[in-house]
Amino acid sequence: MCSPSITPAFACATLLVLVSISCGDSDKTGDTALDSGSPYVYRDTGLWLDTSPQQADTAPPQDTAQEVVMESLALYPVQLTVEPGASFATRAVATMTGELLLDVEPSDCPITSSAPDVATVSEDGSVQALAPGDAILTASCLGQEANATIHVTEPGSLQVTVVDASTGSPLEGAMVVIGDTGVEFTDSAGFARLETSTGEGVNLSVWDDDHLPLTIMGTVSRELTVAITTYEDYQDEGATFSGNVDFSSVMEGAWDQVVAGLVVSSVQGNPMFMDIESLVYDEREIEFYGWPLTIPANVVVKSVAEDYSASASTGSFGAWSLAGPVGIADLTAAVSNVGDVLELLVNNLDNFSYGWTGLYEAETGGSLALDISPDHSFSEVVQVMVPDLPLGFSGDETPMVFILDEAPDDVFAVVGLGRGRGEVAALRAPEGVVAGAEHSWALVMAQVGGIGSGGAVACSMSELSAAYADPPSLLDVPTIDYFDGSTHEFALETDSRADLVGVVVEGGGGELRQVYLDRGAITDTLPASAFDFSYGETTWTLRALETTVDTFEGFASSGRLSDGDLKDILLGSVELAMSFEGTGGH
């Protein structure tokens with residue numbers, strides 16, 4: 001990032017990345033300085049850099065510097081159609097050497113309009129639409145330029161195309177509503193045109209019999225593609241798979257130990273959306289050397305319970321496993337929840353073996369028989385810088401580190417584990433165990449109250465480089481201040497870094513709604529549903545997402561709001577679920 005207070009230093013077209021520079025907070029790493037003589041450093045806190053006086057008495061060693069050059073610049077949203085009166089934020093993103101993406105502060109990247117009578121740009125990068133016409137916005141920084149196209153239409157109409165989220169096919173007969181009025185139905189091309197009375201943000205809702213109702217709140221875009229999800233896809237229970245574990249390559253334990261392990265499905269789609277509770281499957285009763293023991297069905301014990309059962313989402317998947325000696329007393333005391341299971345495994349991982357089944361296809365409601373053999377040692381070490389716990393955590397939780405190999409078909413196999421704060425040494429299986437994997441990632445997951453507690457979950461992920469990863473900072477935990485079941489009024493607040501926020505509202509009768517809205521503090525009223533929505537105890541599951549590119553309006557206008565579309569551009573996510581008692585109609 002850039003800072004107006006250091007313009008002379010920033011005039012140079014290169015940046016120097018300096019590792020572990022002292023800057024007041026001794027536990028921070030990945031700080032960036034413009035040059036070794038600058039009195040300032042830049043602390044990486046996600047997608048922007050904060051400035052503070054450098055506290056070190058001497059300049060960092062020159063041999064720790066790596067030259068990083070801005071290779072290109074992009075301006076988001078790339079294109080947008082609005083009406084006069086619309087106001088929205090832009091975002092300039094620089095691509096640095098090594099494909100590092102950094103936000104560039106508006107003060108260091110001036111944005112100009114080719115038609116100031118059509119649309120103007122303020123110093124903070126916000127755009128104000130004034131009159132019908134076209135304007136090209138141009139961002140300039142360090143000799144690089146990026147353009148965005150703004151089309152300001154005649155006031156009075158909003159054009160919507162409704163498609164199925166999984167197939168992209170247009171949906172005919174979907175009901176499209178602005179606020180609680182202005183109802184139109186889509187034609188055979190999924191298209192509908194609605195009247196508007198203002199260029200300011202509106203709440204746009206879409207309903208269809210087979211799909212979850214969706215509301216996009218506060219959008220100024222007047223040409224949108226809205227992708228909605230079928231109930232079947234959203235509630236897909238996937239398939240079950242089961243089999244036996246071959247322990248022949250697993251290290252034997254001491255007299256007070258037993259060989260045990262875990263078998264789990266690969267992560268399908270985006271690892272940041274992984275349900276931590278899914279790492280342990282349904283409970284089962286076994287007889288453990290004459291004593292009854294309740295354990296998850298995907299926890300295995302040599303000579304006692306060598307078979308397993310687990311589940312996978314529909315589509316391409318694989319199963320990973322690990323097994324090794326653990327203390328008998330530890331096993332019997334630590335299989336009640338996923339947090340206990342993971343801690344038990346991490347504490348004994350250096351004597352464990354790893355197994356991978358390869359890829360299979362899971363069909364909804366189907367079942368597969370998969371035997372697995374853990375026969376690779378956890379012989380490699382990955383150093384991961386675990387970010388500090390953000391606001392909303394008590395401060396004593398211990399994050400988990402998952403090392404993932406990305407297999408074909410958007411399948412992620414967990415190949416290593418770690419646990420701790422600061423610089424964590426995570427053990428992983430050798431590279432190449434997961435056939436076809438081209439990328440490896442480190443996923444940091446922290447849960448309020450500890451892993452398995454049911455609290456809010458924050459995730460951050462970055463690609464491994466030379467067995468090292470430094471994921472971005474974790475997002476602050478959101479707050480949902482209230483929801484009134486009668487009036488539908490709500491108030492919530494999310495981390496300002498979140499580029500968009502998704503909410504799933506589940507009513508007391510099981511009815512579902514999806515809502516997309518912008519980041520920050522929001523007080524609004526959820527539009528009435530087209531169908532009965534008996535609230536009772538209503539659960540709001542809120543997910544705030546930090547991306548490498550685009551803005552809320554860019555996502556809203558393009559329809560790029562599904563998990564699959566977000567997979568390759570996410571830096572962080574945080575999820576919170578809260579329930580409210582309410583009464584009232586729709």
Side-chain angles (χ1 to χ4, degrees), residues 89 177-181 198 200-207 212-220 229 234 273 275 277 389-395 397 446-449 453-459 474-546 552 555-556 561 572-586:
V177 184
I178 294 179
D180 291 324
T181 60
T198 175
E200 298 177 352
V202 297
N203 295 336
L204 176 74
S205 300
V206 177
W207 285 278
L212 273 68
L214 172 64
T215 297
I216 299 176
M217 305 198 72
T219 178
V220 300
T229 304
Y234 182 80
F273 300 151
D275 177 10
E277 297 293 340
L389 294 174
L391 292 177
F393 283 78
S394 65
E397 296 91 347
Q447 187 164 22
V448 174
S453 66
V457 176
C459 294
L474 297 167
L475 291 173
D476 294 342
V477 175
T479 60
I480 305 177
D481 296 326
Y482 67 87
F483 171 66
D484 188 312
S486 298
T487 65
H488 304 173
E489 186 177 355
F490 67 90
L492 59 86
E493 186 171 356
T494 62
D495 194 308
S496 61
R497 285 170 290 169
D499 300 291
L500 66 155
V501 179
V503 181
V504 174
V505 187
E506 183 173 359
E511 303 89 346
L512 294 167
R513 293 188 68 173
Q514 288 183 291
V515 183
Y516 293 115
L517 29 75
D518 207 351
R519 61 190 173 186
I522 302 161
T523 299
D524 212 317
T525 300
L526 190 66
S529 170
F531 311 116
D532 182 43
F533 199 98
S534 302
Y535 282 101
E537 184 177 79
T538 302
T539 299
W540 282 52
T541 302
L542 183 151
R543 182 179 284 156
L545 306 173
E546 181 182 14
F552 169 71
F555 290 115
L561 292 166
S573 69
V574 60
E575 181 177 306
L576 171 72
M578 290 187 66
S579 295
F580 301 86
E581 286 290 346
T583 59
H586 289 29

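The first residue in the sequence is number 1, and the count goes up from there.
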Contacts of [X] that satisfy side-chain hydrogen bond (donor to acceptor under 3.5 Å, both in side chains) - sequence neighbours left out:
X    : answer
S573 : none
T479 : none
E277 : none
E397 : S394

If the condition is side-chain contact (heavy atoms from CB on, under 4.5 Å), which residues does [X] pass it with, not counting sequence neighbours?
X    : answer
A521 : E493
Y234 : L212, T229, V504, L512
V177 : M175, V183, W207
V202 : L158, I178, T198, T219, R222

Residues in salt bridge (charged side-chain N to carboxylate O under 4.0 Å, His left out) with E575, at least two apart? R543

Can you find a pair of side-chain heavy atoms, one from [X] and one from [Y], that are under 4.5 Å apart?
X    : Y    : result
D499 : E546 : yes
V448 : S453 : no
L545 : V501 : no

Grab the two heavy atoms, one from [X] and one from [Y], that are nearest each other, plus how far apart they are.
X    : Y    : result
P478 : L576 : O-CD2, 3.1 Å
M217 : P527 : CE-CD, 4.2 Å
T215 : S205 : OG1-OG, 2.8 Å
A491 : T523 : CB-OG1, 3.7 Å
N203 : D524 : ND2-OD1, 3.7 Å
L474 : C459 : CD2-C, 3.7 Å

Measuring from atom OG1 of T538 to atom CZ of R513, what distance do you get when rounded to the nearest 0.5 angstrom? 11.0 Å

Between Y482 and E489, is a side-chain contact (heavy atoms from CB on, under 4.5 Å) present by the stated rule, with each step listed? CA-CA 8 Å; Y482 67 87; E489 186 177 355; 3.0 Å; yes

Decide yes or no on side-chain contact (heavy atoms from CB on, under 4.5 Å) for F580 and I480, but give the supporting numbers first. CA-CA 10 Å; F580 301 86; I480 305 177; 3.3 Å; yes

Return the set of residues passing ring pair (Phe, Tyr, Trp, His ring centres under 6.0 Å) with F490 (not counting sequence neighbours), or none when no residue passes. W540

Do the side-chain N and O atoms of S496 and R519 include a donor-acceptor pair separated by under 3.5 angstrom? no

Report the C-alpha separation of I216 and L561 in whole Å, then their side-chain angles, then the decisive distance to 0.1 Å, and conclude whether the side-chain contact (heavy atoms from CB on, under 4.5 Å) test is met. CA-CA 10 Å; I216 299 176; L561 292 166; 4.2 Å; yes

Donor-acceptor pair, T494 side chain versus A544 backbone, under 3.5 Å? no

Starting from the C-alpha separation in whole Å, work towards a yes-or-no answer on side-chain contact (heavy atoms from CB on, under 4.5 Å) for L492 and D481. CA-CA 5 Å; L492 59 86; D481 296 326; over 6 Å; no

